[in-house]
Amino acid sequence: MIDIHSHILPFMDDGAADYDAALGMAQDALNDGISTVVATPHHANGVYMNPAGEIEESVRVLNAKLQEAGNPLLVLPGQEIRIYGDLLDDLERGQLLSLAGSRYILLEMPSSRVPRSMEETCHELIIQGYVPVIAHPERNAEVAEDPSRLVRLIELGALGQLTAQSVAGTFGSKLQKLSLELCRRQAVHIIASDAHDQLHRPFGLSEAYGVVKRELGSDAFDFFQQNSRKIITNEEVIRANPVQSYNKRHRLFGIFSRKG
Ligand SMILES: [Fe+2]
């Protein structure tokens, strides 16, 4: 499996505390069936600043340590970028990183609201050839209240990334229900761990995919697995239009309908 969102790099943010912790997380990732992890430290979220160069250097060091430890996990550079005023300027200045050098760029909204500038920022990024990937929209209060807030961004060309623990039910049944609802609405396209540590915020991708397979069927499982791979290989992600048009085409038995 491929994981496109993690906080495995040490000394960057609220993820791995040091190299031992990072190597421990890497072992967990491997045990979970993950072969490649994109490291996405927080950037410009009001607490952490992690410009591109520092992340790339840290990825280089961690990969060397993994090799030394005999762990075949591959770590690729990325960044979880909070929506902020200078985002587009900083992108031009080379301070921001897309996911594994692809056209896909991981964006974080504040958890309480969808920023007013969100649509405009997504639009600008798309014009420049990027594809915004919205991190954990299910954990945003306004999206939870009204999922059409997310659908609007998806219609503009953005993608949605669910957190594995939301899907697995670790964050509670309400968040799990919402996550599956966003899957059925085809408002999300990727599942990623957002792993921060080994204990409270672990990788747990296989558990989430198990839920997807059970609740949504094996086509949905394939859809999410393929999309994570397409992100790191910079291929076109599989999109599906939001649910109405999809259901019409598939007579209510689309890939996201409940099995049975
Ligand atoms: Fe994150």
Side-chain angles (χ1 to χ4, degrees), residues 2-29 32 34 36-66 71 73-111 115 121 125 130-137 139-140 159 161-166 190-205 228 231-232:
I2 311 291
D3 186 18
I4 64 138
H5 181 168
S6 76
H7 298 268
I8 193 170
L9 290 184
F11 314 117
M12 290 272 160
D13 56 13
D14 52 347
D18 52 28
Y19 278 108
D20 278 351
L23 290 172
M25 285 177 71
Q27 188 58 49
D28 287 352
D32 199 39
I34 297 167
T36 308
V37 162
V38 184
T40 52
H42 290 290
H43 181 63
N45 71 345
V47 184
Y48 304 110
M49 294 298 286
N50 288 300
E54 290 176 24
I55 294 172
E56 285 169 329
E57 174 60 13
S58 179
V59 165
R60 194 189 60 72
V61 173
L62 181 56
N63 275 319
K65 286 188 182 286
L66 283 168
N71 185 329
L73 187 78
L74 176 64
V75 179
L76 298 171
Q79 204 176 31
E80 181 176 11
I81 305 159
R82 180 67 72 103
I83 296 291
Y84 67 109
D86 291 337
L87 190 151
L88 295 166
D89 289 340
D90 284 352
L91 183 63
E92 210 175 301
R93 287 188 204 112
Q95 294 194 359
L96 305 186
L97 286 176
S98 65
L99 296 168
S102 70
R103 75 192 87 167
Y104 300 100
I105 188 159
L106 187 65
L107 298 184
E108 183 191 37
M109 300 190 285
S111 59
T121 304
L125 287 169
Y130 291 98
V131 179
V133 177
I134 299 165
H136 39 69
R139 285 156 54 196
N140 178 279
L159 300 169
Q161 172 253 304
L162 288 173
T163 298
Q165 283 186 291
S166 303
I190 300 125
I191 296 173
S193 76
D194 198 5
H196 280 66
D197 56 41
Q198 293 185 267
L199 191 63
H200 301 293
R201 305 280 305 274
F203 282 93
L205 266 193
S228 288
I231 297 253
I232 64 161

Which atom of [X] lies closest to which atom of [Y], heavy atoms considered:
X: G24; Y: Q198; result: O-NE2, 3.2 Å
X: I55; Y: P77; result: CG2-CB, 4.4 Å
X: M109; Y: N140; result: CE-ND2, 3.8 Å
X: A164; Y: I191; result: CA-CG2, 3.9 Å
X: P202; Y: Q165; result: CD-NE2, 3.4 Å
X: R139; Y: S166; result: CD-OG, 3.9 Å

Tell me if a side-chain donor or acceptor on [X] pairs with a main-chain N or O of [Y] at a distance below 3.5 Å.
X: D86; Y: D89; answer: no
X: D90; Y: Q95; answer: no
X: E108; Y: E80; answer: no
X: N50; Y: P41; answer: no
X: D3; Y: V38; answer: no
X: D197; Y: L199; answer: yes

Supply the atom-to-atom distance [X] [atom1] to [Y] [atom2], rounded to the nearest 0.5 angstrom.
X: Q161; Y: T40; atom1: CD; atom2: OG1; value: 8.0 Å
X: L9; Y: E54; atom1: CG; atom2: CD; value: 11.0 Å
X: L88; Y: R93; atom1: CG; atom2: CZ; value: 10.5 Å
X: F203; Y: S6; atom1: CZ; atom2: OG; value: 5.0 Å
X: I231; Y: L99; atom1: CD1; atom2: CG; value: 6.0 Å
X: I4; Y: I232; atom1: CD1; atom2: CD1; value: 10.0 Å

Item to complete: Output all residues satisfying ring pair (Phe, Tyr, Trp, His ring centres under 6.0 Å) with H136, sequence neighbours left out; order by chain, then residue number.
Response: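 Counting only residues at least two positions away or on another chain, H136 forms a ring pair (Phe, Tyr, Trp, His ring centres under 6.0 Å) with H5.
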Quick one: ring pair (Phe, Tyr, Trp, His ring centres under 6.0 Å) partners of Y19, sequence neighbours excluded?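 Result, ring pair (Phe, Tyr, Trp, His ring centres under 6.0 Å) vs Y19: F11.
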Per the side-chain contact (heavy atoms from CB on, under 4.5 Å) rule, which among L96, L107, I105 passes with Q79?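 Among L96, L107, I105, the one that satisfies the side-chain contact (heavy atoms from CB on, under 4.5 Å) with Q79 is L96.
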Only counting residues at least two apart or in another chain, list the ones meeting side chain to side chain contact (heavy atoms under 4.5 Å, CB included) with [X].
X: L74; answer: T36, N63, L76
X: A26; answer: I8, L66, N71, L73
X: E92; answer: none
X: A21; answer: A16, D18

Trace of the side chain to side chain contact (heavy atoms under 4.5 Å, CB included) decision for V47 with D14: CA-CA 10 Å; V47 184; D14 52 347; over 6 Å; no
Worksheet item: H43 versus R82: any side-chain heavy-atom pair under 4.5 Å?
Response: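 Contact flag for H43/R82 side chains = no.
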Report task. Please work out which of the three classes, parallel, tilted or perpendicular, describes the rings of H196 and H42, given edges at 30° and 60°. Result ->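 Correct class here is tilted.
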- Message: Is it the case that the side chains of D194 and H7 hold a donor-acceptor pair, with the cut-off being a distance below 3.5 Å and no angle test?
- Response: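 A pair is found: one side chain offers a donor N or O, the other an acceptor, under 3.5 Å apart.
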